[in-house]
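Everything numeric here is computed off the predicted structure, so don't read it as measured data. Reminder, nothing fancy here: chain letters follow the sequence lines and each chain counts from 1. Computed over heavy atoms, backbone and side chain alike; hydrogens, waters and symmetry mates excluded.
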Amino acid sequence: MPIQLFDSLERKLKPLAPSHPDGVYRFYNCGPTVYAAAHIGNFRTFVVNDVLRRLLELEFPGKVVHVRNLTDVDDKTIKRARDEGRSLNEVTKQWTDKFHADCDALNCLRPHVEPTATGHIAEQVDMIDVLMKKGNAYRAADGSVYFKVSSFDGYGRLSRVKERELQVGTALLHKSQAVDADEKEDATDFALWKAHKTEDGANSWDSPWGPGRPGWHIECSAMSKKHLGDTIDLHTGGEDLLFPHHENEIAQSECCNGTLFAHHWYHSKHLLVDGAKMSKSLGNLYTLDDLKAKGFSPMALRYALLVGHPRKQLNFTLEGLHAAESALKSLRNFRTGLSSGDAGVFAPVFAALHDDLNTPGALGALFTIVNRGPAGVDAATFDRVMLALGLNLKASESPKADAPAEITALADKRWAAKNAKDWAAADALRKELTALGWNMKDAKDGYTLEPLKK
RNA sequence: GGUGCGGUAGCCAAGUGGUAAGGCCGAGCUCUGCAAAAGCUCUAUUCGGCGGUUCGAUUCCGCCCCGCACCUCCA
């Protein structure tokens with residue numbers, strides 16, 4: 001069964017297949033802006049894309065090229081650098097490293113190519129130059145270059161923005177007109193090149209239109225073109241990117257290249273936290289480190305992010321993270337009882353994944369197998385399921401914390417009391433340990449200590 | 001105002017024109033001196049409301065109620 005995935009543009013399920021004669025599947029996924037630690041909402045998108053990547057590699061072994069960019073110059077990165085009195089490069093390096101570390105912890109495969117915006121200035125300038133020459137762009141008085149939306153008939157196909165504009169209460173339109181009326185010919189035109197402003201500081205590059213920096217949208221068009229060619233097979237991102245980012249990418253790329261940009265568009269939905277949109281003011285914005293500090297493993301987060309269908313909003317809760325930890329533990333226990341056996345029982349799991357990346361359906365099918373017991377279930381195929389989902393069971397175990405000496409001393413005392421069958425003393429010591437936040441697990445010939453969950 | 005998505009057990013969440021997967025929590029049991037761990041068992045006559053189509057609808061259609069997201073740089 002081929003992988004079927006919803007296409008945001010045609011709004012239907014379409015099978016995934018390479019469109020180029022070389023059989024290489026070209027996959028572009030919009031990456032992060034590296035100005036702060038990514039939050040779990042960001043990671044939902046990256047984890048979903050990672051499962052997609054893994055499925056593609058199982059389907060087209062050795063023939064997948066996955067490109068994911070890093071946005072390392074924009075208003076936010078520049079502001080951060082300015083606020084901290086550091087260079088743009090220092091700031092973006094720090095958060096790029098952090099992003100990589102978090103992705104590794106979440107068992108997300110690194111993309112085959114991870115291009116940066118600042119590393120592709122020339123490619124972006126070249127594209128803008130073509131757009132200027134073809135009449136799809138114009139230079140404003142201040143040296144900025146804008147894309148002329150009216151020059152591209154296909155504009156709005158992805159997001160149906162034209163339908164929107166017809167009936168817009170025009171409040172938003174007025175707002176954007178007020179801001180940009182001086183420079184843009186039309187409110188819907190967007191920046192390809194932003195003329196240098198004083199607050200940009202040293203972050204400026206030369207161009208035929210004067211010093212400045214590239215607009216946000218052009219970077220993906222340029223990097224996609226450079227690393228995957230004019231036409232790619234799949235372009236993905238979070239739902240918020242559908243408009244304007246992806247709409248603008250299509251316009252830029254198709255006008256510049258004169259050919260279809262992407263065969264397939266896929267957008268994953270956003271994450272809610274405790275039923276509300278994540279925001280700093282609500283105090284419900286979590287990073288991976290926040291959750292680690294609460295004692296959760298990164299793998300539990302990965303699992304929790306896969307519990308909902310990628311094309312539905314998912315409500316993240318701490319309770320859900322607990323559920324994820326427990327579910328992972330069940331999978332670990334189940335795995336230890338496995339040897340070789342029937343690989344076919346896992347077919348429903350893969351069928352669910354191939355059917356529009358239905359991860360909750362796949363997990364449900366998986367636990368249906370788990371509940372039938374390990375007899376005759378094939379270990380290697382189970383492992384392949386874990387590989388597809390990117391669940392590293394080994395890494396999901398809670399890190400073994402070493403108990404401090406005072407705790408060990410108490411535990412030793414209790415162990416001695418227990419062996420002396422002094423139950424009263426033993427129970428009192430157990431209580432004491434519990435109060436100190438440690439659970440003492442008795443085994444046949446010794447004990448282990450583990451910290452209680454916060 | 002426009003566009004799109006959704007409302008399924010205490011929480012999270014699949015799914016189907018033919019009578020509700022799964023996870024968590026909870027309860028009971030087994031095993032343990034106790035506890036934990038592990039294992040077993042149980043837990044929605046019901047799928048936002050009202051109509052309609054149908055032999056039959058949670059699943060299709062209509063209306064209504066509620067929630068959420070996007071609408072220029074937020075994954």
*Compare the aromatic ring of A/Trp423 with the six-membered base ring of B/rG33 and state whether they stack according to the 5.5 Å and 30° rule.*
yes

*Please indicate yes or no: is the ring centre of A/His270 less than 5.5 Å from the centre of the six-membered base ring of B/rA75, with the two planes inclined by under 30 degrees?*
yes

Taking atom [atom1] in both [N] and [M], what distance in whole Å separates the two?
N      : M      : atom1 : value
B/rC11 : B/rA44 : C1'   : 14 Å
B/rA75 : B/rG6  : P     : 24 Å
B/rC55 : B/rA13 : P     : 37 Å
B/rU45 : B/rA69 : P     : 31 Å
B/rC12 : B/rC29 : C1'   : 27 Å
B/rC50 : B/rG15 : C1'   : 25 Å
B/rC65 : B/rG51 : C1'   : 15 Å
B/rG62 : B/rG23 : P     : 36 Å

Can you tell which of [options] lies closest to the side chain of [X]?
X        : options                : result
A/Asn333 : B/rA13, B/rG33, B/rA38 : B/rA38
A/Asn315 : B/rA13, B/rG33, B/rU72 : B/rA13
A/Ala323 : B/rC11, B/rG23, B/rC34 : B/rG23
A/Thr368 : B/rA75, B/rA21, B/rC11 : B/rA21
A/Phe367 : B/rC24, B/rC34, B/rG23 : B/rG23
A/Lys441 : B/rA36, B/rA75, B/rC24 : B/rA36
A/Leu272 : B/rG33, B/rA14, B/rA69 : B/rA69
A/Arg414 : B/rA14, B/rG33, B/rU72 : B/rG33
A/Lys329 : B/rA36, B/rA38, B/rU72 : B/rA38
A/Leu271 : B/rA75, B/rU72, B/rA36 : B/rA75

Between [atom2] on [N] and [atom1] on [X], what's the gap in Å once rounded to a whole number?
X        : N      : atom1 : atom2 : value
A/Leu242 : B/rU72 : CG    : P     : 13 Å
A/Asp189 : B/rC73 : CG    : C1'   : 15 Å
A/Trp193 : B/rC73 : CH2   : C1'   : 17 Å
A/Arg332 : B/rG39 : CZ    : P     : 11 Å
A/Asn284 : B/rC68 : CG    : C1'   : 14 Å
A/Tyr146 : B/rU72 : OH    : C1'   : 12 Å
A/Phe6   : B/rC5  : CZ    : P     : 7 Å
A/Lys184 : B/rC73 : NZ    : C1'   : 10 Å

To the nearest 0.5 angstrom, please state how far the [atom1] atom of [X] sits from the [atom2] atom of [Y].
X        : Y        : atom1 : atom2 : value
A/Tyr286 : A/Ile40  : OH    : CD1   : 7.5 Å
A/Leu106 : A/Phe43  : CG    : CZ    : 5.5 Å
A/Asp102 : A/Asp97  : CG    : CG    : 11.0 Å
A/Trp193 : A/Leu131 : CH2   : CG    : 13.5 Å
A/Lys197 : A/Asn203 : NZ    : CG    : 13.0 Å
A/Arg302 : A/Leu328 : CZ    : CG    : 11.0 Å

*Shortest non-hydrogen contact from A/His120 toward A/Pro115*: CE1-CB, 3.3 Å

Between the base of [N] and the side chain of [X], is there a donor and acceptor pair under 3.5 angstrom?
X        : N      : value
A/Asn358 : B/rG15 : no
A/Lys277 : B/rC70 : no
A/Arg44  : B/rA75 : no
A/Asn248 : B/rC73 : no

*Assert yes or no for the condition that the ring centre distance of A/His267 to A/Phe6 is strictly below 6.0 Å.*
no

Counting any heavy atom closer than 4.0 Å, what does [X] reach on the DNA or RNA strands: base, sugar-phosphate only, or nothing?
X        : value
A/His267 : nothing
A/Asn371 : sugar-phosphate
A/Lys76  : sugar-phosphate
A/Asn439 : sugar-phosphate
A/Gln313 : base
A/Gly364 : base

